[in-house]
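First the proteins, then the strands, lettered A, B, ... as listed; each starts at 1.
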Amino acid sequence: MRKPDVVLRLTPKPMAVEVKRLSAAYDGQPVLEDVDIALPAGKWTAIIGPNGAGKSTLFRILLGVMKPLRGEVTVHGEDPARQRRLGHIAYMAQQEAVEWDFPISVQDTVLTGRFGHMRTDPWWRRLLPPRWAESRHWDVVHRCLEAVNMRDFASRPIGALSGGQKKRVLLARALAQEARLLLLDEPLAGVDAASERLILDLLARQRAAGRTVVMVTHDMDSARRYADQVLLINRTIVGMGAPDNMLVDEMLACTAVAGWRPVARRDPPLEAFP
Amino acid sequence: MMEILETLGIGLIDALLWVLMLGVGLLPDALAEPFSYSFMQRALLTAILVGAICGLLSCFVVLKRWSLLGDAISHAVLPGVAIAYLLGWPFFIGAFIAGALTSVGIGALERHTRLKADAAMGLMFTAAFALGVVIIGKIATNTHLMHILFGNVLGVQYPALLLTLFAGLLALLAVWAFYRPLLLYTFDPMQAQALGFNTGLIHYGLILLLTLTIVASLETVGIILVVAMLITPGATAHLLTERLTTMMMLSVAVGVTASVVGLYLSFRLDVASGGAIVLVAAALFLITLLLAPRHGLLARWWRARRLRAPSPAAG
């Protein structure tokens, strides 16, 4: 017997991400407790919290790498597994999570972002090497490389890139998926000022095109300037609302104290896009 | 039905042997002479097949950091082979069940205890190996055990050759058909998960392929040395290229070269075939380590020297 995962909703615009009473633990150590989140589609959310606050755990649950102890998770009103198979969830990993020694070029790395969509290609196409993939996939790859300003490095091995370039390749790979929901794990960590501007402008364009952007970050400044809403998290939700209400000393102090329970302040939820 | 398949298989092997001998016929007599014996012809075909399959799979083993897991599975295969022999099953079935159980057991130990991966693997595979040694000691002679442990390619008969051929074709087809999931899972499992691929299926599929390769190599290099053939060709190729497809081709080339040269040397010098093959592979790695254009020791030493030397412009 399996509980139906898909909850039928009559609202025309479901939340991009909806999490109800979610708890998760590693080896019996709780990381997330009773978390409720509703992220509207088409908005830019910044998730802020100290290390070990469960930010990455939240992503791992959305990606299906980790199973929650309790609670319900839906993406666009559906089971996340189904949304992943449909290619609606793109993920930009932290730089350390990727094997940079792997024998693969920049453009082939970005092409892996299209592997989900290639499932709909005719079967004989899929038996050819990726180099001969349909031109619609390569068009997207070239466009994404152009967008992150890495066209000139297309055939370089990924191991030969600098830190900022590696980040931009990871972003291009996530964008190549053309997903409705973008999950970004610290997209700004360790990048130079020029790369940071480029990444933030690119994400702003994604949001303007109607995509949902969710990023974990430690950078208050960019969160204040770019995000529509900020989610403060430390094992449970500390606060959620407009950046100006959340990124104040009092709220940040509450977030920094581990295990701080009650919800301090929560703005009424944003209207779903537009 | 089985008889027809067997006849077909033997016909296929004879055809392959005939083609192989055409190639050998082009060699100078001194090199070609050992292959006038039919046992050497069978050994040559087996060695080429095993070198190729191991070379192909070793790319994934090296890139996925599965060297120790490969070692664990190859040792754990022993009790599977022994029990399959007792029950009259094909070797491969027993080997795969033992290999899969071991990898599941390693995963479970890792997740549910404080043990780290290396301790979990060491514990599981030595225990399984010991079980295998005990069972085989009860049911077979010592020479039989030695053949399974260290291989005896000169004594390969048609059934074993047929199994190797079948395993090789299956591995090749699987890598070809599932190239993209395998690439993605090896490169970035999180990304594979995000794109909705069934990573559990890919994981165990890859372990199945590994077990298949190990069983296919049983007669040539044996259980103990097969892991060398699952690491060395891939490691050598990894030093030479920045492209996965090129790496696979180079790795297969290294595996086949090592197998053929090792077989020849073992005949000429009258030494164990498994040992000779692995030593040739290690020698190829050593040469590559010294001379590889980008990642080789000489190239790195040369680059460091040029960096240290004051540039003429700066005076």
Side-chain angles (χ1 to χ4, degrees), chain A residues 26-27 56 59-60 62-66 80-94 97-106 108-109 111-119 121 123 126-131 133 155-160 170 173-174 177 179 181-183 185, chain B residues 58-60 62-66 110-116 172-203 234-251 292-295 303:
Chain A
Y26 289 107
D27 293 330
S56 295
F59 277 6
R60 292 169 69 87
L62 287 172
L63 294 173
V65 178
M66 189 180 163
R82 189 180 144 73
Q83 286 284 309
R84 283 196 299 274
R85 251 196 108 67
L86 291 171
H88 289 331
I89 307 179
Y91 172 65
M92 176 180 166
Q94 287 190 39
V98 173
E99 196 77 54
W100 294 101
D101 261 343
F102 202 88
I104 193 170
S105 68
V106 166
D108 288 350
T109 306
L111 187 69
T112 63
R114 301 295 301 173
F115 279 10
H117 293 295
M118 285 184 192
R119 276 191 285 249
D121 287 352
W123 63 270
R126 287 182 279 163
L127 292 179
L128 298 177
R131 199 173 307 178
S155 43
R156 291 269 181 100
I158 55 169
L170 288 182
R173 182 177 72 166
Q177 205 181 322
L181 172 63
L182 277 166
L183 302 176
D185 203 346
Chain B
S58 79
C59 291
F60 294 101
V62 167
L63 293 172
K64 195 102 196 85
R65 305 186 186 189
W66 271 9
E110 228 186 301
R111 266 195 300 279
H112 301 298
T113 67
R114 307 176 57 174
L115 293 183
K116 302 286 180 289
L172 187 68
L173 279 179
V175 170
W176 182 29
F178 302 108
Y179 177 74
R180 281 172 297 120
L182 283 174
L183 161 70
L184 197 56
Y185 179 65
T186 314
F187 177 43
D188 189 349
M190 278 280 259
Q191 166 85 353
Q193 183 79 27
L195 289 174
F197 285 95
N198 187 339
T199 46
L201 197 65
I202 305 175
H203 182 91
T236 310
H238 196 20
L239 293 180
L240 288 171
T241 175
E242 304 293 343
R243 265 178 207 290
L244 184 57
T245 39
T246 318
M247 179 175 168
M248 285 177 172
M249 285 188 264
L250 283 173
S251 181
R294 255 174 62 86
H295 303 288
R303 275 202 306 272

Who pairs with A:Arg60 by side-chain hydrogen bond (donor to acceptor under 3.5 Å, both in side chains), at least two apart in sequence or on another chain? A:Tyr26

Which bit of A:Ile158 comes within less than 4.5 Å of chain B, counting heavy atoms only: side chain, backbone, both or neither? side chain

Determine the option with the most heavy-atom pairs under 4.5 angstrom with chain A, choosing from B:Met190, B:Gln191, B:Met247, B:Arg65. B:Gln191

Counting C-beta onward and ignoring hydrogens, is there a side-chain heavy-atom pair between B:Pro189 and B:Lys64 closer than 4.5 Å? yes

For chain B, which candidate among A:Ala179, A:Pro80, A:Pro130, A:Ala160 shows the most heavy-atom pairs at distances under 4.5 Å? A:Pro130

Answer whether the closest heavy-atom distance between the side chains of A:Met118 and B:Leu195 falls below 4.5 Å. no

Give, as side chain, backbone, both or neither, the part of A:Val65 having an atom under 4.5 angstrom from any heavy atom of chain B. both

Go through the atoms of B:Tyr179 and report whether side chain, backbone, both or neither lie under 4.5 Å from a heavy atom of chain A. side chain

Show the nearest heavy-atom pair for residues B:Ala192 and B:Leu184, with the distance to one decimal. CA-CD2, 3.7 Å

Contact part of B:Phe178 toward chain A, heavy-atom cut-off under 4.5 Å: side chain, backbone, both or neither? neither

Considering only heavy atoms and a distance below 4.5 Å, find which of A:Phe115, A:Trp123, A:Tyr91 pairs most often with chain B. A:Phe115

Does A:Leu63 offer a backbone N or O that forms a donor-acceptor pair with the side chain of B:Gln193 under 3.5 Å? yes

Can you tell me if CH2 on B:Trp176 sees more than 12 non-hydrogen neighbours from other groups inside 6.0 Å? no

Chain B contact via A:Gln177 - side chain, backbone, both or neither, heavy atoms under 4.5 Å: side chain

Contact part of B:Thr246 toward chain A, heavy-atom cut-off under 4.5 Å: side chain, backbone, both or neither? neither

Hey, which of A:Ala93, A:Ser105, A:Gly159 has the most heavy atom pairs under 4.5 Å with chain B? A:Ser105

Count the heavy atoms of every other residue, nucleotide or ligand shown that sit under 6.0 Å from CZ of A:Arg85, and state whether that count exceeds 12. no

Counting heavy-atom pairs under 4.5 Å with chain A, the top scorer among B:Thr245, B:Leu63, B:Thr186 is B:Leu63

In terms of heavy-atom proximity below 4.5 Å to chain A, should B:His112 be classed as side chain, backbone, both, or neither? neither

Tell me which one of A:Ile104, A:Thr112, A:Val106 satisfies side chain to side chain contact (heavy atoms under 4.5 Å, CB included) with A:Asp108. A:Ile104

Under a 4.5 Å cut-off applied to non-hydrogen side-chain atoms, are B:Thr241 and B:Met249 in contact? no

Options A:Ala97, A:Ala81, A:Pro157, ranked by heavy-atom pairs under 4.5 Å with chain B, top entry: A:Pro157

